Structure formats: structure tokens, C-alpha cells
Amino acid sequence: MADEALDLPAPPPPQQQPQRRGWVVAFARLRSLWKRWFLWLLLAVLVSALLVTVVWLAGRHEVEQVQAALERDTADAVVDLRSGLQRNAQSLRATLAPGMERTHWADRAAAQLREHREWLRLEWRDAELRPIEAVNTPYRMRILEESNRGPAQSDVALACATARKAGAPAYSPSHYVPVAGGGGVEVMELCLPMDGGDYLVASYSLRDTLVELVGPTLTRGQEVAFTEADGTRLVALGTSRRIGTRVFTAQQRIDLPGASLMLRVDGWRAAPDLFPNMLTALVTAISIALVSVLVLLARDTRRRLRAERDLADALAFRKAMEDSVITGLRARDLQGRITYVNPAFCEMVGFTPEELMADSVEAPYWPTELAHEYHLRQTRRFAGGLPPREGFESVFMRKDGTRFPVLIFEAPLINAHKVQTGWMSAFIDVSEQRRVEEISRASQERLQASARLATVGEMASLLSHELTQPLAAIASYATGSLNLLGPEVKGEQAEVAMAVKRIAEQADRAGQVIRSVHDFVRRRDRMREAVAPQALIDAVLPLVRLQARKLDVSIEIVFEERLPAVVCDRTLVEQVLLNLARNAMQAMDAPDNTGNRLLKLRVARALPVGATVPADGRRWLEFSVADLGCGISDDVAARLFTPFFTTRADGMGLGLSLCRTVVEQHGGALMFEPNRPRGTVFRFTLPAAG
């Protein structure tokens, strides 16, 4: 069992190729998505950055505006405070001027205290800063104790010394005065020097000063306070800062003679400030609209991409269909210029699409001799003439100049707006169909010819059978007549004996011809023998001369020297020579052909047709029959050897066909060519003996 376990096949290696292919496909898709959405992603990032920047700038502009407004309010408050303090000092100097009787001073001071809530106490002090008279404000309980008011007050002494030195009102630094029951008041002293060395001292409550002198200028949402230079808050007035608000701060230094204060104003805005003002709201609204347009544009682009993909698939399907069909397609505009061709049409005519779609109304595949007719047909078509629905045949020309028939179907080319923009045509190359039809017709003709040949063969067999006996009787009677005349005859009897002898020879020849034809028809093995070329010519020459004398034709016979004999069926070859000679003489038998009637028979050495050296080692002799007739036209030449084809009214059309068959059965070939300058030369070859 252990050995069987060891013989088990190793597990197949892991399939890494599909995994790698999956990675490649995923990378290709990711790359395609990146290429497709990169610009959109970049545009979205840029638009987002622009929107954030615009909103941030709008918010910053709002902050700067709020801060600037707060700075202005602070500066206005400082100006109001200084003006108020200055007015207070002037009012104090004018009301409590020196020289006033002491009994009236208290009343005047009480009146001032009722008008100015920021004052806590007015004092008249002598040069040693000892209180002479003092009046407290009627709006508060007494805060400043009499026992603490005297020359020992360092703050008042410092302010009065400064005032005396400057000759103008001076202020002391603020100080905290505790109040019984908790709490206290921040107080600042004003010392006003008077003539005679006395002083007027006014005690300010800093909080009441803010209320009376700065409070009217405050707006809601602001807090105002007096602070030390180091930021220590002394007194404050206004709404406390709320949680979740943004605080804006402005500070202004108030330099007073002998003292200095900091006026601090805090302003805040409610949080969150999503739309701090109309500008930001407008920018935000435009941004939202821009993003909405961007989203709609992305959706429209996605729909366009889907439509383009569907269109590309449809075009690919249409192109594959057009490339697969063998029907040529062509589109033309209303001016006759070709605007589209498919590969099948280009292959059909041999021109490239660029050559076909050149800016020309005359197509390059129109045959030169038919171009005018095609141009007229195109003009009628563009004038509104409709082509037949079943199509029509025409002839086109390939690039190499060959013509071929085509079957054309045409229809108007209508665009999406129901307007005709040209014509669409389909072409079918029917040359192969025509060739098949021609082959079928030729086969049919050959079948008919074979049937006629069979009939002729039967007739020939019948005739040979029926003529054999009369010919034999003629030969017997001729032999009997010669026997009756005897071997030694003279005079006229000798001529009669010669005629009877010729009758017997021709009767015997006729019998041989009939037997040869009978054997030829029956396809029997024929006897071939070596025969000298001159013997073949001499055998047919008496009959040829008889017809030559009748048609006034001269005969010229040419033999090449030392010709070998040929191996042939003598009777059939003699019939071939006789048939060619008769045809040649009949070709010269025309009324306009006088004085040029020469039949030339020639025998020479030759090679078989199409060969440069003897293929089977044999030698060949060429027999030629030349005439000076009218020649053979191209139409007649194409059908010259077709059975039953003849140009004579009394001909059967079998002579040349049988001659070629006889020559080809001997291994040779029968051909013809023009006899320059006039006439025709027929040549055939036969194998030489040895």
C-alpha cells in the first residue's frame, strides 16, 4: 500500500496563468477607468478647492469687516469717553469756581452730582488736601468713608501734585474700594486745581463712567470694559459672552493726565456662521448650483459614453457584416461623388477606397467605351428617375482593364430628416454565373454534337455496309471487263482498258475509305504503317488537280530533302490532306480573287506543338497547306473546330473536326495561322518512322 501511495501522480502545479490574466484584466480595467474619469476627478477637485477657497475668503472678508466695525466702535467710544471727561472737568470748574461762598458750594455740588451719575463724591480741599466741604452722590449709599479722606490719600495727592504742576485737571490711578456686605467699586479720582491753592476732587465710579459716557454708543452683542495695561479687567459692561460664539476684540489706550486706562470692547457672532452675510450666501448658492451642474454634466457624459459604446458596438457589427458579405456596396451623393464603398466592392473593381472616393463624378471603373452612356444614366438617375426594383445588368472595368458583368440594385439614400442625400447601390459580380452558364451551354452543345456524331456514326456504319456491296460489284465488273478486253489491247481499246482500270482502282479506294471510316467510327484498332510523305501527297494529288483545274488554282509542292517516312493510317491521313486542300481551294474561290490562286503543299521536319525538343525522342514531320484566300475572322476562328460548324451553305461542319481528331489520334496537332500577307496556313504534325 505504501508503494501504491508513492506511485500516485504528483499534484498539478498551481494555476498561476489564470490568476495572472485576472490581474492583467483588472489592471486594464483600472487603467481604463482612470483614463476615463481622471479629468472628471481633477475637475471635481479643482471645483471643490475653488468653492472652499471662495467660501473661506468670503468668511475672512466678513471677519475683517466685523473686526473693522468693532475697531471703529472702540475708537468712537474712546473719543466719547475723553469728550465726556473733558466736559465734566469744564463743568466742574465752571460750577464750583473759586470765590464761591462756602454756604452755596454744597448746593452747587449736589446739583452737579444729580446731573452726573458717574461721580460718587465731590470734595473741596485746601492746599494741604484737607477736606473743606464734601458732598456724596444721592444715587448710591455712601461708599467712601470720611475717615479715609484726607491728606494721607496717596492717589489723590499724586493726582493733585500732577494737576498743580500742569495747571490742568489730573487723574489718579484707579483703586478698589470695598463695600460693606461684600463687593466693591473701582474708583478713580479727578483733581482740579483752583486759585488760592485749593483743589476740587471728584471721585469717578469706573463702572458708572462706562454706563454714562460709553454705554449709549454700545450695541447689542458687545461687551466694554476698562482694563489695566497688562489686561487685568477692572470693570465691564454689556452682555456676557455666550458659549459657542466667536469673539472679536478691540482695544484702545486712554491716556489721561496722570493715569492711563485700556478700553476693551468684545463683540461676538452667533455660531455656527454658515452664511455670515449675503455675499457668502450668494457664493455658496452659486457653488451649490455649480456642483449640481457638474453632477448633471457627469450624468449626461455617462449617458453619452453609454450611447457612444452602443454606437461603437453597432458600427463594429455593421462593419463585420459589411466585410463578410460578397456583395459590393457603394454610396453616392447628389452630385455623383462616391462617399462610401465596402471592401467587397474594392476587391471587385480592384481600386482602393481613396481612388474610388476621389473628387470626381466619373467613376474609374467605368469602361471607356461606355463612360458616356453611364454618365447619361447617372444624370437621369439624379433627375429623379427610379431604377427597376429587380435590378439591371451593366459592365464594369477592373483596374487591370478587364471587363466583367454586374447586377446592380439601387435605392434612394434617406437621412434621419427624411431628406434624400444620395443613392445607395449594391453590386453582384455575375461573371462567374455567366461563365457557369457558358460552360453549361457548351456542355449542352457538346452533348448535342455527341448525339449527332452518334447518329452520323450509325449512318456511316449503315452506309459503309450498304456501299460495300455495290463497290465490290463495281470492282468485279471492272475486273471482268479488263479480263474481256484481254491483256494485250491497242488503240481505243487500250484507253478503255485504262479507264476501266482507273474505275477499279477508285472503287477499291472508295472501299478502303469506307472501311477506314467504319473502323474509325467503331473505334477499332487501325493499322498504321510507315509511309513516305511524297506517297501521301501523290495519293491525293490526282483528285486535287481535278478540282484545281476546275477552280483555276495553281499547285506548288515543296519537300524538304531526305525526309523520313511517317507512321500513320494512310487512308485517314490522305483524307486529311484531301480535305485541307479542298478547303483551301474553296477559300480562294471568290470573284474578287483573280490571279492569286495558289495552293502550296509543303512537308518539312518539325517539333510537336509547344515543344522545343522531342519529348519522347521521336522526330516529327510537318505537313502544311497554304492558300491565298480571304483568311479566317476571329469569330470563325473561335468555333472553327466545333462539330457541325460551317461557313458554307452546303457544308456539314464535320471535316475539320474529324481532321483534328485523326491528327490527334496519331499524337500530332492540327493548327492554323494567317498566311502573310493573305490567306491561311493549316499545319499538322505526324511522327516519323524509326
Side-chain angles (χ1 to χ4, degrees), residues 15-48 289-361 363-365 381-382 387 391 396 399 406-429:
Q15 298 294 332
Q16 296 182 356
Q17 188 65 23
Q19 183 178 3
R20 181 180 179 183
R21 187 162 52 249
W23 279 105
V24 172
V25 172
F27 178 75
R29 291 180 177 176
L30 183 61
R31 185 176 182 183
S32 177
L33 290 175
W34 172 255
K35 288 183 176 179
R36 181 178 300 173
W37 295 105
F38 170 71
L39 294 179
W40 279 106
L41 181 62
L42 181 60
L43 179 61
V45 171
L46 292 178
V47 170
S48 301
L290 183 59
V291 172
S292 301
V293 171
L294 191 63
V295 172
L296 294 177
L297 185 60
R299 291 182 178 178
D300 183 71
T301 302
R302 188 166 58 253
R303 289 195 296 270
R304 288 177 180 272
L305 290 176
R306 188 184 303 112
E308 290 178 356
R309 185 169 55 252
D310 296 341
L311 181 61
D313 293 340
L315 290 177
F317 176 77
R318 195 192 73 171
K319 188 174 187 310
M321 184 174 62
E322 292 173 354
D323 294 343
S324 62
V325 299
I326 60 174
T327 302
L329 299 176
R330 178 199 67 186
R332 290 183 297 176
D333 59 12
L334 294 178
Q335 285 72 39
R337 293 186 292 269
I338 298 176
T339 58
Y340 167 77
V341 289
N342 69 335
F345 185 76
C346 296
E347 184 178 358
M348 188 181 299
V349 297
F351 292 95
T352 62
E354 292 76 13
E355 293 174 337
L356 293 173
M357 290 187 286
D359 191 12
S360 175
V361 296
Y365 49 82
R381 184 81 67 247
F382 293 148
F396 283 175
K399 193 173 184 178
V406 292
L407 185 60
I408 304 175
F409 301 90
E410 286 191 326
L413 186 60
I414 309 298
N415 63 5
H417 302 286
K418 308 298 180 184
V419 177
Q420 182 179 357
T421 59
W423 290 85
M424 189 70 193
S425 306
F427 304 91
I428 299 176
D429 186 356

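Remember, predicted model here, so these are calculated numbers, not experimental data.
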Near Lys319 NZ, under 6.0 Å, is it more than 12 heavy atoms from other residues, nucleotides or ligands? no

Tell me which one of Val325, Leu329, Asp323 satisfies side chain to side chain contact (heavy atoms under 4.5 Å, CB included) with Pro343. Asp323

What heavy-atom pair brings Gly391 and Leu407 nearest, and what distance separates the two atoms? C-CD1, 4.4 Å

Arg304 with Glu308: basic N within carboxylate O range, under 4.0 Å: no

CG (Leu296) with more than 12 external heavy atoms under 6.0 Å: yes

Evaluate side chain to side chain contact (heavy atoms under 4.5 Å, CB included) for Phe317 paired with Asp313, printing each intermediate quantity in order. CA-CA 6 Å; Phe317 176 77; Asp313 293 340; over 6 Å; no

With a cut-off of 6.0 Å (strictly less than), are more than 12 heavy atoms of other residues, nucleotides or ligands near CD of Gln420? yes

Check whether any side-chain heavy atom of Leu356 sits under 4.5 Å from a side-chain heavy atom of Val349, and report yes or no. yes

How far apart are the closest heavy atoms of Glu322 and Asn342, and which atoms are they? O-ND2, 3.7 Å

Please walk me through it: do Phe396 and Phe351 pass ring pair (Phe, Tyr, Trp, His ring centres under 6.0 Å)? CA-CA 12 Å; Phe396 283 175; Phe351 292 95; over 10 Å; no

Measure up the Tyr365 and Phe427 rings against each other and bin them: parallel (under 30°), tilted (30 to 60°), perpendicular (over 60°). perpendicular

Do the side chains of Asp310 and Arg306 get close enough for a salt bridge, i.e. N-O under 4.0 angstrom? no

Surrounding CZ of Arg31 (heavy atoms of other residues, nucleotides or ligands, distance under 6.0 Å), is the total greater than 12? no

Supply the atom-to-atom distance Trp423 CH2 to Leu334 CG, rounded to the nearest 0.5 angstrom. 9.5 Å

Looking at Ala331 and Leu413, what are the two nearest heavy atoms and their distance? CB-CD2, 4.4 Å

As an exercise, state the distance from SG of Cys346 to CE of Met357, rounded to the nearest 0.5 Å. 7.5 Å

